[in-house]
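For reference, the structure discussed in these notes is given below.
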2 protein chains.
Amino acid sequence: MDKALSAVMAEGLSFSGQEKFERSGVMQISSRFTIAIHIFACIDTFGKDHKVTSEFLASSICVNPVIIRRILGQLKAAGLIHVQRGSGGASIARPLNEITFLDVYRAVECVGAEGLFHFHKHPSDKCPVGRNIHHVLDGRLDQIQGAMEREMEKITMDDVIRDTQHYIKGETENAALNEA
Amino acid sequence: MDKALSAVMAEGLSFSGQEKFERSGVMQISSRFTIAIHIFACIDTFGKDHKVTSEFLASSICVNPVIIRRILGQLKAAGLIHVQRGSGGASIARPLNEITFLDVYRAVECVGAEGLFHFHKHPSDKCPVGRNIHHVLDGRLDQIQGAMEREMEKITMDDVIRDTQHYIKGETENAALNEA
DNA sequence: GCTTAATGTAACTATTTTTATTACATTCAA
DNA sequence: TTGAATGTAATAAAAATAGTTACATTAAGC
């Protein structure tokens with residue numbers, strides 16, 4: 001080890017004595033994401049024949065209607081859906097193949113400005129490793145998050161909804177067979 | 001809409017009436033991951049000249065020593081490090097280029113069996129969309145998580161530690177210049 | 001215009017998860 | 001045998017997410 005590091009170590013083998021740290025940021029991939037996709041599938045499935053309200057969606061997804069309204073609000077703010085204020089009901093605002101998982105993911109704020117990884121906030125600046133760990137890691141964490149987001153861009157609501165209708169069709173055909 | 005769906009809808013435009021739901025699973029990418037990588041960098045930087053104890057690591061990372069010990073325990077269980085019980089101190093158990101981010105990520109259990117995404121647990125089984133949403137989504141969520149994990153496999157502790165030493169060297173060279 | 005049904009949101013509570021802390025038995029080396 | 005360190009249980013504190021209640025606002029139909 002060189003002299004500078006040795007000097008640090010000699011100070012008592014400890015870098016302690018920093019102030020307490022606050023934390024912040026979104027750290028998890030919220031169920032808002034899967035709920036949002038569920039919402040799209042419901043609007044597509046039922047929207048032609050029925051008004052799709054937050055109450056209705058809540059009963060399919062089994063969460064509180066206010067949760068649904070908040071997510072609807074976020075999807076609306078991102079320009080992905082329309083929501084009819086007084087009379088009620090939601091509809092999809094864009095062609096399904098132009099809405100990617102990443103669009104939805106970002107709309108519902110599963111990832112904040114701090115990124116996907118929760119970094120221990122205040123490594124010691126008295127330690128040479130602590131001082132530099134952010135420089136070393138930040139770019140690589142971004143790289144990983146980027147890989148994930150690129151994969152999310154490959155999947156669209158069209159894919160999901162095609163599969164959904166396929167499964168539903170399978171169900172009703174089975175039911176018809178059982179009746180016969 | 002076909003007859004089966006219409007029948008469902010006619011029941012009152014709602015799929016309500018299911019039991020309450022429990023939740024489970026790891027939902028976030030814990031700071032254990034960045035802490036673990038920080039630990040490797042510290043062992044590499046200081047391990048040759050000093051005993052690297054949980055107390056020492058805690059003072060560089062600025063978290064409680066018990067948190068460090070738990071993470072050391074997980075890294076040890078995964079065969080990535082050795083920890084000396086009575087006398088103290090940790091060391092790295094494998095060549096640095098054979099320890100990937102994914103190894104570390106899995107060792108510290110950032111992702112549980114349920115996967116990275118938090119799925120709303122009990123969509124209504126009275127709703128055709130609710131009944132099938134898991135079939136539709138599970139595979140695609142795995143696909144996204146897989147992309148992330150493949151990227152994590154590309155990065156090794158060797159990369160991180162080379163960068164760390166590079167930054168530290170830069171610091172000490174700067175300091176030398178300032179003294180001159 | 002009045003009524004009705006729905007959205008938009010604020011305020012608050014509850015639940016869950018994560019992180020921190022205290023305490024102590026266990027271990028190993030000198 | 002002593003001392004310094006790990007391993008871990010039990011618990012507390014903090015943070016984040018989700019759930020709930022309440023109500024003002026909005027739009028459509030009568």
Side-chain angles (χ1 to χ4, degrees), chain A residues 13-14 20-36 39 50-59 61-77 81-91 108-112 114 117-122, chain B residues 13-14 20-36 39 50-59 61-77 81-91 108-112 114 117-122:
Chain A
L13 263 176
S14 162
K20 276 287 166 197
F21 49 102
E22 87 280 347
R23 278 230 312 281
S24 69
V26 176
M27 302 186 291
Q28 87 176 237
I29 299 184
S30 163
S31 62
R32 282 197 299 280
F33 178 62
T34 55
I35 291 173
I39 286 173
H50 298 276
K51 186 165 65 172
V52 179
T53 68
S54 61
E55 194 86 30
F56 173 74
L57 289 166
S59 77
I61 296 167
C62 284
V63 296
N64 193 284
V66 176
I67 304 287
I68 299 292
R69 280 181 222 152
R70 285 206 274 250
I71 295 173
L72 286 175
Q74 293 180 301
L75 295 174
K76 180 184 176 184
I81 63 170
H82 297 301
V83 181
Q84 195 63 21
R85 169 112 208 225
S87 48
S91 59
V108 299
E109 286 171 6
C110 289
V111 66
E114 300 89 8
F117 292 89
H118 179 192
F119 214 118
H120 50 291
K121 255 286 182 291
H122 288 296
Chain B
L13 263 176
S14 163
K20 275 287 166 196
F21 49 102
E22 87 279 350
R23 280 224 315 279
S24 70
V26 176
M27 302 184 292
Q28 84 177 240
I29 297 184
S30 162
S31 61
R32 281 196 302 278
F33 178 61
T34 55
I35 291 174
I39 287 173
H50 297 277
K51 186 165 66 172
V52 179
T53 67
S54 62
E55 194 86 29
F56 174 74
L57 288 164
S59 78
I61 297 167
C62 285
V63 297
N64 192 285
V66 176
I67 303 289
I68 300 292
R69 282 181 222 149
R70 285 205 275 253
I71 295 172
L72 287 175
Q74 294 180 302
L75 295 174
K76 180 185 177 182
I81 64 171
H82 297 301
V83 181
Q84 195 63 22
R85 170 112 208 224
S87 48
S91 59
V108 299
E109 287 171 6
C110 288
V111 65
E114 300 88 8
F117 292 89
H118 179 193
F119 213 116
H120 50 291
K121 256 286 181 294
H122 288 296

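Lettering of chains follows the sequences in order, A, B, ..., and the numbering in each one begins at 1.
Contact between the side-chain N/O atoms of B:S30 and the OP1/OP2 oxygens of C:dT19 is found at a separation under 4.0 Å. Side-chain N/O atoms of B:S54 include one lying less than 4.0 angstrom from OP1 or OP2 on D:dT6. Distances shorter than 4.0 Å separate some side-chain N or O of A:Q84 from OP1 or OP2 on D:dA28. For B:K76, no side-chain nitrogen or oxygen approaches OP1 or OP2 of D:dT6 to under 4.0 Å. At the phosphate of D:dA4, neither OP1 nor OP2 sits under 4.0 Å from any side-chain N or O atom of B:K51. The phosphate of D:dA18 has OP1 or OP2 within less than 4.0 Å of a side-chain N or O from B:H118.
Within 4.0 Å of A:G88, counting heavy atoms only, lie sugar-phosphate atoms of the nucleic acid but no base atom.
One interatomic measurement links the two molecules: NE2 of A:H50 to P of C:dA5, which rounds to 18 Å at whole-angstrom precision. In this structure, B:H82 places its NE2 atom 16 Å from P of D:dT6, rounding to the nearest Å. Atom CD1 in B:I71 sits about 15 Å away from atom C1' in D:dT6, given to the nearest Å. Distance, B:I68 CD1 to D:dG7 P: 13 Å, rounded to whole Å. Protein atom CD of A:Q74 is 11 Å distant from nucleotide atom P of D:dA18, rounded to whole Å. What separates CD1 of B:I61 from P of C:dA20 is a distance of 11 Å, to the nearest Å. The nearest whole Å value for the distance from the CZ atom in A:F119 to the P atom in C:dT18 is 19 Å. In this structure, the CZ atom of A:F117 is 17 Å from the C1' atom of C:dT18, given to the nearest Å.
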Evaluation steps, side chain to side chain contact (heavy atoms under 4.5 Å, CB included), between A:L75 and A:I71 = CA-CA 6 Å; A:L75 295 174; A:I71 295 173; 4.1 Å; yes

For this session: Output, in order, the C-alpha distance, side-chain angles, deciding distance and verdict of side-chain hydrogen bond (donor to acceptor under 3.5 Å, both in side chains) for B:H120 and A:S31.
Result: CA-CA 6 Å; B:H120 50 291; A:S31 62; over 6 Å; no

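Considering every non-hydrogen atom in both B:T34 and A:F119, the closest pair reads OG1-CA, 3.6 Å. Across all their heavy atoms, B:V108 and B:R32 have their closest contact at O-NE, 2.8 Å.
If you find the closest nucleotide of DNA chain D to A:S87 and to A:R69, the one lying nearer the 5' end belongs to A:R69.
Taking every side-chain heavy atom of B:V66 into account, D:dT8 is the closest of D:dG7, D:dG19, D:dT8. Nearest to the side chain of A:I67, among D:dG7, C:dC28, D:dA18, sits D:dA18. Closest to the side chain of B:R70, out of D:dT20, D:dA10, D:dA5, is D:dA10. The listed nucleotides are D:dA27, D:dT20, C:dG8; the one nearest the side chain of A:N64 is D:dT20. In this structure, the nucleotide among D:dA18, C:dT7, D:dA5 sitting nearest to the side chain of A:R32 is D:dA18. Among D:dA18, C:dG8, D:dA10, the nucleotide with an atom closest to any side-chain atom of A:S31 is D:dA18.
Under the side-chain contact (heavy atoms from CB on, under 4.5 Å) criterion, B:S54 pairs with B:P65, B:I68, B:R69, B:L72, not counting sequence neighbours.
Judged by distance alone, with hydrogens and angles left aside, the side-chain atoms of B:K76 form no donor-acceptor pair with the main-chain N or O of B:A90 at under 3.5 Å.
Side-chain atoms of A:R85 and base atoms of C:dT7 include a donor and an acceptor less than 3.5 Å apart.
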